[in-house]
Each structure stands twice: as C-alpha cells, then as structure tokens.
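Attaching a single structure in structure tokens format; questions to follow.
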Amino acid sequence: MSAALSLDAWKSQASSLSYRNQAFIDGKYVDAASGETFDCINPATGEVLTKVAAGDKADIDRAVKAARTAFEKGSWSQMAPAKRKKILQKFADLIEKHGTELALLETLDMGKPIRDSSSIDIPGSANCIRWYGEALDKIYDEIAPTGPEAVAMIRREPVGVVGAVVPWNFPLMMAAWKIGPALATGNSMVLKPAEQSPLTAIRIAELAAEAGIPDGVFNVVPGFGETAGQAIGRHMDVDCVTFTGSAEVGKYFLKYSGESNMKRVSLECGGKTPNIIMADAPDLDAAATAAAWGIFFNQGEVCNAGSRLIVEESIKDQVIEKVMAVAEKLRPGDPLDPKTRMGAIVDKTQMERVLGYIEAGKGEGAKLRMGGGRVNTDKGGFFIEPTLFDEVDNKMKIAQEEIFGPVLSTISFKDADEAIRIGNDTIYGLAAAVWTRDITKAHKAARALRAGVVWVNCFDAGDITSPFGGFKQSGFGRDKSLHAMDKYTELKTTWINVGA
Ligand code: NAP
Ligand code: MG
C-alpha cells in the first residue's frame with residue numbers, strides 16, 4: 001500500500017485530506033439530532049482536525065430503529081450467504097483500496113505511527129472482514145442424534161440488532177473484530193467509536209454502503225460514552241452488546257443490561273499481562289526485544305501489553321540492560337514520519353494518567369531505570385518516553401492497575417512456581433507469556449496461567465484464526481476465529497415429529 005511514502009508525502013496527503021464527521025444512519029450521513037458536535041483532536045499537535053457529530057440517545061434510537069427495520073425486512077439477514085460473502089469481500093477490498101487515506105485518518109486521530117496504521121491496522125481490519133466473509137458460507141448447521149421418531153435441527157440464527165462500543169487504541173481494528181462476525185452472521189449493527197478516535201469508523205460506513213450492505217444494516221454513531229454508549233447499553237431493542245474497553249466501563253454494560261432488556265453482553269476488557277522470562281529462555285536477546293516491543297508498541301496503549309516483566313533473578317540485570325538497549329531506539333516522534341516507531345499518547349487526559357502512574361511508582365519505592373517523562377513538548381502534542389521500573393513489588397499500584405502507556409514494571413522471581421503465582425496475582429487474565437527451553441516447564445506454565453492466550457517463546461503473536469479475549473476481569477466472550485460468531489448467533493432447535 002503506502003508504507004514506502006516519505007514524511008513529506010504523508011504530510012502533503014494529510015494536508016489535502018477531507019473528513020467525514022457525521023453519524024451514518026440508515027444509509028445516510030446525518031448531523032446529531034441535537035446539532036451538537038465535539039472537537040476531534042490530533043494528539044501529536046493538539047490541533048482540532050474537525051468537529052464531529054455528538055450523537056446521543058436520540059441518534060442511537062434512530063440508528064437502532066433503522067437497524068431493526070433492516071433486520072426485519074431481511075435485506076441482509078435473509079440474503080443468500082454466497083451473496084453476503086461477496087459483499088463483505090468487496091467491503092474489505094474497499095478498505096484496502098482506501099488504505100492510505102484510512103491509515104492517515106487513524107494516525108492523525110489517535111497518534112499511532114503511520115508505519116503501524118498503514119501496515120497493521122488497516123490491512124488487518126480488511127483481512128478480518130474478508131476472513132469472516134469467506135467463512136460464512138462454509139459453516140453448516142447440525143442435526144441432533146435423536147431417536148427415529150424425530151428430526152431435530154439445530155440452526156444458528158442472527159441475534160438481531162448488535163450494538164458495538166469500541167476503544168481508541170486500535171480504532172478500526174477493534175471495530176473490525178466486531179463488524180466481521182456480526183455482519184457475517186446476518187445481524188444489523190450500531191457502532192459507537194470512542195470519542196478520541198471516530199474518523200475511520202465514520203469513513204468506512206460509506207464504503208460498506210458502496211460495497212452493497214443495505215441501508216440500516218451498518219450504522220455508525222459517534223458520541224460520548226455516558227450518552228451514546230449508555231443509550232446502546234440500555235436500549236430495549238438492542239439484542240446484544242459487544243464491547244471492548246476498560247473493565248470499569250465493561251461492568252457498566254452488565255448493569256445496563258440487567259436494568260433494561262437483559263441483552264446479551266460480551267466484554268473485552270483490560271489486562272496486566274505477565275511476560276515471564278526464565279533463566280533457561282532459548283534466546284535472551286529475542287526475549288528482551290519482544291519484552292520491549294511488548295510494552296512500547298502502540299505507546300503501550302495495548303490491552304495485552306506486557307506491562308509486567310517477570311524475570312528470573314539470576315538473569316534480571318542482563319535482561320533489563322537488553323530491554324533498555326532496544327527501548328533506546330524507540331524515542332517517540334512525529335507519527336507521520338515513516339521512521340517513527342512510537343507516536344503520541346491519545347490525549348492529554350491519558351497522558352496525565354500515565355504520568356500519574358509513573359509518580360506513583362516512584363512514590364511506592366520502585367526504581368526508575370529509564371524514561372519517566374513527557375517529551376517533544378515543543379510540538380504541542382502528548383508524548384511520553386519509554387519508561388522502565390526495576391525492583392517492583394507485585395502489590396504496587398504500577399503492577400496491579402492497567403496503565404495503558406509505555407511503562408514497564410520489572411519483578412523478579414526465584415522459581416517457576418513463584419513466577420506463576422505472581423503472574424496470576426492480578427484481577428486480569430487477558431494474556432500471558434513464558435520463555436523457557438524446557439518443554440515441561442512451558443506446558444505447566446501454559447496450563448497454570450489464567451489467561452485467554454498464553455504465548456510460549458514469543459509475545460503478542462497470533463492471527464485472525466485464533467480466539468482472543470480474557471479470563472477474570474479481562475471480560476468474557478472471544479473476538480477473532482470462528483468462535484466469535486457464537487456471540488452474534490442464537491441456537492434454535494426445531495424438533496419435527498416424524499414418528500406419527
Ligand atoms: P473505555 O474508557 O472503557 O471506553 C471504551 C468505550 O466505552 C468508548 O467508546 C467509550 O466512549 C465508551 N464508554 C465510556 N464510558 C461509558 C459509559 N459510561 N457507558 C457506555 N459507554 C462508555 O476504554 P478506552 O479508554 O477507550 O480504551 C482503553 C481500554 O480498552 C483499556 O482498558 C484496554 O485494556 C481496553 N482494551 C481491551 C481490548 C481487548 O480486546 N481486551 C482491546 C483494546 C482495548 P467514549 O470514550 O467515546 O466516551
Ligand atoms: Mg483524535
């Protein structure tokens with residue numbers, strides 16, 4: 001696509017970019033019913049990119065009505081699978097075709113390096129939607145093994161209207177993980193992007209329409225969590241909420257459901273991933289490089305960021321030196337520069353939150369070995385340097401709470417049992433990693449670690465074929481893989497008496 005463009009070329013494209021900034025409801029861009037807007041800010045400069053429609057309850061009502069009408073009409077829900085497949089594939093093609101523009105929107109909107117948005121976020125989102133498009137006409141229903149007097153068919157049906165509420169760290173990709181399986185299974189959707197990063201979601205709505213997704217099937221309503229997000233959660237005619245975000249807000253959605261129509265909820269929430277490096281790791285350079293990338297990639301704004309480096313005492317100093325050597329090269333820079341590997345923190349609030357955790361770490365007695373400060377202040381943006389703490393106790397705030405920034409806490413252990421115990425000693429269970437050349441130790445650790453994914457001798461590996469999601473307060477339900485389709489389908493048994 002566009003990875004080969006220079007900084008000047010990206011800048012010139014950025015200067016001629018136009019922004020879609022309204023809600024997309026029933027096949028049309030519309031203002032919020034209230035006429036309200038909010039500022040969409042570029043976190044690398046602090047400048048306002050555009051003003052975006054601030055959708056609220058009235059707009060969610062309109063979008064849900066359109067989604068329900070389309071669902072009942074069957075224009076998508078009853079479409080032949082082979083046709084639905086073609087449309088989703090075209091949707092994926094269009095995302096790819098507009099990859100340069102979408103990558104720019106993502107980078108300008110939330111501060112991630114253009115290198116990543118153009119090579120990971122946008123192609124990954126297109127791939128996800130295409131994968132579910134391809135899968136949808138290859139899944140068969142079941143006939144139950146009843147006695148001869150009956151035929152019992154077990155069919156999957158779409159749940160109906162799906163409300164998707166997503167975060168700002170991978171704005172399009174987190175949305176695609178919902179859009180792919182929800183649309184592939186025949187549902188209608190209302191998507192609410194995060195207020196910090198609504199631009200790509202708004203833009204792809206018209207690409208969905210261009211691909212042939214009928215009016216009302218895919219709606220996008222930008223707005224605030226407390227208004228638009230809550231309205232989705234409490235809506236009496238939304239059948240299912242699929243959420244990615246913090247555990248705190250995830251819990252609100254459970255409450256909204258219980259206080260409204262008992263809608264199905266699936267939650268992909270935060271993490272405090274233990275990255276356990278044993279002294280017998282096969283390659284310490286590889287482990288340290290992965291540890292650095294595992295926390296500093298995407299400015300540390302990653303739900304499965306390896307924020308706890310749990311390392312065997314005998315190799316700790318060596319590993320820290322190696323991690324710091326890699327991190328040295330990851331100085332935050334202009335997200336539009338293709339050489340930049342770390343960009344801006346998404347907004348001022350998040351930057352202050354991260355800096356607050358760094359202060360808390362120092363206050364609790366952890367030893368700051370690297371970074372710890374705001375940088376590039378002359379650019380007007382929100383940048384934090386890669387930060388590493390040593391001598392962290394797992395009870396400290398920086399080891400227990402999700403920081404969602406480039407801050408690594410190093411904790412040492414003496415034996416494998418202690419490593420597992422520390423690894424599991426958190427409210428979260430999204431991911432974990434273990435580095436060892438001992439296959440028995442690796443298997444034991446993989447079984448004992450309470451997490452939705454355990455990496456052995458790698459970090460943050462995976463693709464669309466494997467499920468992703470959490471144990472404990474990292475939530476429940478899985479994105480990616482065929483398992484994600486479970487969230488968006490109801491099982492129906494049709495029992496036919498043939499014994500008469
Ligand atoms: P967040 O504050 O929980 O927000 C997520 C979404 O929920 C946003 O669209 C937000 O809207 C909305 N929201 C906020 N308050 C709400 C409320 N009271 N009612 C209904 N909706 C509400 O999370 P974030 O700060 O955007 O993202 C960071 C979090 O996402 C981290 O905890 C991270 O671990 C998690 N995450 C998890 C995964 C995973 O797969 N497990 C992946 C990525 C991120 P507004 O922001 O527009 O107000
Ligand atoms: Mg923004």
Side-chain angles (χ1 to χ4, degrees), residues 24-27 60 63-92 128-142 153-166 175-192 205 208-209 211-221 232-233 235-244 253 257 260-268 467 469 476-494:
F24 192 83
I25 299 175
D26 206 11
I60 295 296
V64 172
K65 198 161 170 222
R68 176 62 61 190
T69 304
F71 186 76
E72 301 282 318
K73 225 164 86 186
S75 51
W76 181 252
S77 54
Q78 302 291 326
M79 185 185 275
K83 198 169 167 203
R84 227 192 281 146
K85 168 176 76 174
K86 279 213 167 105
I87 292 175
L88 284 180
Q89 286 174 327
K90 185 160 181 214
F91 185 20
C128 171
I129 290 170
R130 181 176 297 117
W131 194 86
Y132 285 102
E134 285 167 353
L136 74 86
D137 65 349
K138 302 183 182 55
I139 296 169
Y140 291 71
D141 290 323
E142 299 165 18
M153 300 187 297
I154 304 170
R155 269 173 50 79
R156 286 189 175 278
E157 295 187 355
V159 289
V161 175
V162 173
V165 179
V166 295
W177 287 6
K178 318 291 190 197
I179 296 167
L183 291 186
T185 44
N187 296 282
S188 296
M189 286 188 87
V190 178
L191 168 67
K192 191 204 88 64
I213 292 176
D215 291 353
V217 171
F218 181 60
N219 307 278
V220 178
V221 181
I232 289 177
H235 207 290
M236 293 301 286
D237 206 24
V238 168
D239 299 292
C240 160
V241 160
T242 176
F243 169 79
T244 297
F253 276 101
S257 170
S260 58
N261 63 344
M262 214 196 277
K263 59 179 66 62
R264 185 191 291 193
V265 175
S266 61
L267 305 173
E268 299 273 0
F476 49 87
R478 295 290 179 266
D479 281 330
K480 306 204 296 177
S481 83
L482 295 181
H483 292 283
M485 291 166 132
D486 296 346
K487 298 201 294 201
Y488 307 107
T489 48
E490 292 281 13
L491 278 185
K492 179 180 279 177
T493 299
T494 306

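Note that the numbering runs from 1 along the sequence shown for the chain.
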Testing the basics here: between L191 and I179, what is the closest heavy-atom pair and its distance to 0.1 Å?
CD2-CD1, 4.3 Å

Indicate yes or no: at least one non-hydrogen side-chain atom of L482 is less than 4.5 angstrom from one of W131.
yes

Just jot down the salt bridge (charged side-chain N to carboxylate O under 4.0 Å, His left out) partners of K487, sequence neighbours excluded, or say none.
D479

By salt bridge (charged side-chain N to carboxylate O under 4.0 Å, His left out), E142 pairs with (sequence neighbours left out) none

Is any side-chain heavy atom of T242 closer than 4.5 Å to one of Y488?
yes

Set of residues satisfying side chain to side chain contact (heavy atoms under 4.5 Å, CB included) with respect to R156, sequence neighbours excluded
D141, D486, T489, L491

Between CD1 on residue I87 and NZ on residue K90, distance to nearest 0.5 Å:
9.0 Å

Run the side-chain contact (heavy atoms from CB on, under 4.5 Å) check on L136 and I139 step by step: do they pass?
CA-CA 6 Å; L136 74 86; I139 296 169; 5.9 Å; no

Nearest heavy-atom contact between S77 and R84 is O-NH2, 3.4 Å

CH2-CZ distance between W76 and F218, expressed to the nearest 0.5 angstrom
11.0 Å

Evaluation steps, side-chain contact (heavy atoms from CB on, under 4.5 Å), between T244 and K178
CA-CA 9 Å; T244 297; K178 318 291 190 197; 2.8 Å; yes

To the nearest 0.5 Å, atom CD1 of I213 lies from atom OG of S188 at 10.5 Å

Beyond-backbone contact of W177 with E268, side-chain heavy atoms, under 4.5 angstrom:
no

Side chain proximity check, S260 to M236, heavy atoms < 4.5 angstrom:
yes

Test of understanding: with ring pair (Phe, Tyr, Trp, His ring centres under 6.0 Å), list the residues that count as partners of F253, not counting sequence neighbours.
F243, Y256

Could you tell me which non-hydrogen atom of A66 sits nearest to which non-hydrogen atom of N219, and how far apart they are?
CB-OD1, 4.1 Å

Would you indicate whether the side-chain heavy atoms of L183 and L88 approach each other to under 4.5 Å?
yes

Take T493 and M153 through the test side-chain contact (heavy atoms from CB on, under 4.5 Å) and record every step on the way to the result.
CA-CA 6 Å; T493 299; M153 300 187 297; over 6 Å; no

Any residue meeting salt bridge (charged side-chain N to carboxylate O under 4.0 Å, His left out) with K73, in chain and number order, not counting sequence neighbours
none

Once salt bridge (charged side-chain N to carboxylate O under 4.0 Å, His left out) is applied, do any residues pair with D239, and if so which ones, sequence neighbours excluded?
R68

Side chains of S257 and K263: donor-acceptor distance under 3.5 Å anywhere?
no

Search all heavy atoms of G133 against all heavy atoms of K85 and return the closest pair with its distance.
O-CG, 3.2 Å

Between A67 and V190, which heavy-atom pair has the shortest distance, and what is it?
CB-CG2, 4.3 Å

Hey, does the side chain of K86 reach the backbone of A82 with a donor-acceptor pair shorter than 3.5 angstrom?
no

If we only count heavy atoms from C-beta on, is the V165 to I232 side-chain gap below 4.5 Å?
yes

Taking all non-hydrogen atoms of both residues into account, name the closest pair between A70 and V217 and its distance.
CB-CG2, 3.9 Å

Within-4.5 Å side-chain heavy-atom neighbours: R155 and E157
yes

State, with a plain yes or no, whether a side-chain heavy atom of I154 is found less than 4.5 Å away from one of K492.
no

Is there a donor-acceptor contact under 3.5 Å linking the side chains of T185 and Y132?
no

Passes side-chain contact (heavy atoms from CB on, under 4.5 Å), V159 versus N187? Steps please.
CA-CA 7 Å; V159 289; N187 296 282; 3.3 Å; yes

